[in-house]
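Model, not experiment: these values are computed from the prediction.
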Amino acid sequence: MPIPRINRRIECYAAIHGYGVSIGYDNTYKECVVHQKLFFRRHCHAYMEMKHKLAENEWILFIDADIGVVNPNKYNFFSLNSYLVKNNERGRTWVKELADYEFNVPDSFHGEDNGALHPLMLKWLVPEQQNRLSDLCMSIWNRSHNYVDIYAMHACTRVVIGEHTHFPEHKMQIISKNFNKTATLSEEVRKLGELKIALIDPLPNITLPSPFNGISACDVVFPVLNKLDIGKCRNHTEKWEMESRLEIDIEERTEMLGQMADILMKRQMEAVGNMTERLQIDSFLQYWD
């Protein structure tokens, strides 16, 4: 089946660097029909691809359908729930557990797989810290009503895990937001070495000054202006005509990322501060239980 037109930039990028591309469809694997929720079923598909199509110890990059590559010489994306996984027993186990978390989500506003990712990471990274704070994180998730509660749970699990990004004892890494600025995918994989699972730390949903902030939501700005010829991509002769208004220099980009990180840290600290009230309420309820 041909790759949908919307992913032509991804197909071109893959052709340039010699990567394979696979798109998950609902009916590809009958083993995945048990998953009623689409956002979990897609991880089942990734697991089946690893199990049946990918060679042992090769890497698979999972990305959402709304990913857009905007530079053929670097890997550029912004997404939640993107991950690089080495195709071995540990990597396949992690992806399968993420898919199967559908059957363990609470009867609340749980945030689908984006919500489930955080308790899964608690299990993998700090299994020994089944303490009062991690219980509070799960309590917030169990009683979540909206995205504010989901964000509080995210911040809570981050407190338990800590600000570390490299977990060699668990063969996992949370890749920095700056990952997509300096290297190709292959270069980053070489840096990861024997790390089995690498989660992509997403950029926060923050609006910064931009020439496009004032445009209508109905207007679409495409970073690549020309229709890419995949044949030319394969022989490295295709030229990407970029939207010049999206181009910024390294200093400005670094400053913007710093602003995003500062705002995100402030939001996380506010969420953690609100957690103290939740802890007091939980203690009160526990006392009367």
Apply the test side chain to side chain contact (heavy atoms under 4.5 Å, CB included) to residues Cys156 and Trp141: give CA-CA distance (whole Å), side-chain angles for both, the deciding distance (0.1 Å), then the verdict. CA-CA 10 Å; Cys156 183; Trp141 197 37; over 6 Å; no
Give me the atom names and distance for the closest heavy-atom approach of [X] to [Y].
| X | Y | value |
| --- | --- | --- |
| Ala46 | Val95 | CB-CG1, 4.2 Å |
| Gly115 | His154 | CA-NE2, 4.1 Å |
| Phe40 | His35 | CB-ND1, 4.2 Å |
| Tyr13 | Trp240 | N-CZ2, 4.3 Å |

Show the numbers, then the answer: is there a side chain to side chain contact (heavy atoms under 4.5 Å, CB included) between Ile150 and Ser144? CA-CA 6 Å; Ile150 289 292; Ser144 174; 3.7 Å; yes
Any donor-acceptor pair under 3.5 Å linking the side-chain atoms of Glu31 with those of Tyr47?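 Tyr47 vs Glu31: no donor-acceptor pair found between side chains.
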Output yes when a side-chain donor or acceptor of [X] lies under 3.5 Å from a complementary backbone atom of [Y], and no otherwise.
| X | Y | result |
| --- | --- | --- |
| Asn114 | Leu117 | no |
| Asn235 | Thr237 | yes |
| Thr93 | Glu89 | yes |
| Arg8 | Leu228 | yes |
| Arg143 | Ile140 | no |
| Glu102 | Lys37 | yes |
| Arg234 | Ala15 | no |
| Glu238 | Asp229 | yes |

Please determine if Glu56 and Arg92 form a salt bridge, counting it only when a charged side-chain N lies under 4.0 Å from a carboxylate O.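 Salt bridge: yes.
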Side-chain ion pair, Glu97 and Lys123, N-O less than 4.0 Å: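 Result for this pair is yes, salt bridge flagged.
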Taking the six-membered ring for Trp, is the centroid-to-centroid distance between Tyr147 and Phe109 below 6.0 Å?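 Aromatic pair counts; centres sit under 6.0 Å.
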Can you check whether Tyr83 and His43 have ring centres sitting under 6.0 Å from each other?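 When the ring centroids of Tyr83 and His43 are compared, they turn out to be within the sub-6.0 Å range.
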Hey, could you give me the [atom1]/[atom2] distance between [X] and [Y], rounded to the nearest 0.5 Å?
| X | Y | atom1 | atom2 | result |
| --- | --- | --- | --- | --- |
| Thr28 | His45 | OG1 | NE2 | 4.0 Å |
| Leu125 | His170 | CG | NE2 | 5.5 Å |
| His17 | Cys12 | NE2 | SG | 9.0 Å |
| Gln36 | Phe103 | CD | CZ | 8.0 Å |
| Lys51 | Asn87 | NZ | CG | 11.5 Å |
| Cys137 | Met153 | SG | CE | 8.0 Å |

Could you go step by step and tell me if Cys32 and Met48 meet the side chain to side chain contact (heavy atoms under 4.5 Å, CB included) rule? CA-CA 9 Å; Cys32 295; Met48 297 300 293; 3.8 Å; yes
Should Glu112 and Val105 be marked as a side chain to side chain contact (heavy atoms under 4.5 Å, CB included) after you check the CA-CA gap, both sets of side-chain angles, and the distance that decides it? CA-CA 8 Å; Glu112 301 289 346; Val105 294; over 6 Å; no
Please say which of His166, Met172, Lys171 ends up in a side chain to side chain contact (heavy atoms under 4.5 Å, CB included) with Pro168.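 Output: one option passes, namely His166.
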Could you tell me if the side chain of Leu225 sits less than 4.5 Å from the side chain of Met242, heavy atoms only?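 Of all side-chain heavy-atom pairs linking Leu225 with Met242, none is under 4.5 Å.
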Ile10 side chain reached by Ile63 side chain, heavy atoms, under 4.5 Å: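 Ile63 reaches Ile10 side chain to side chain.
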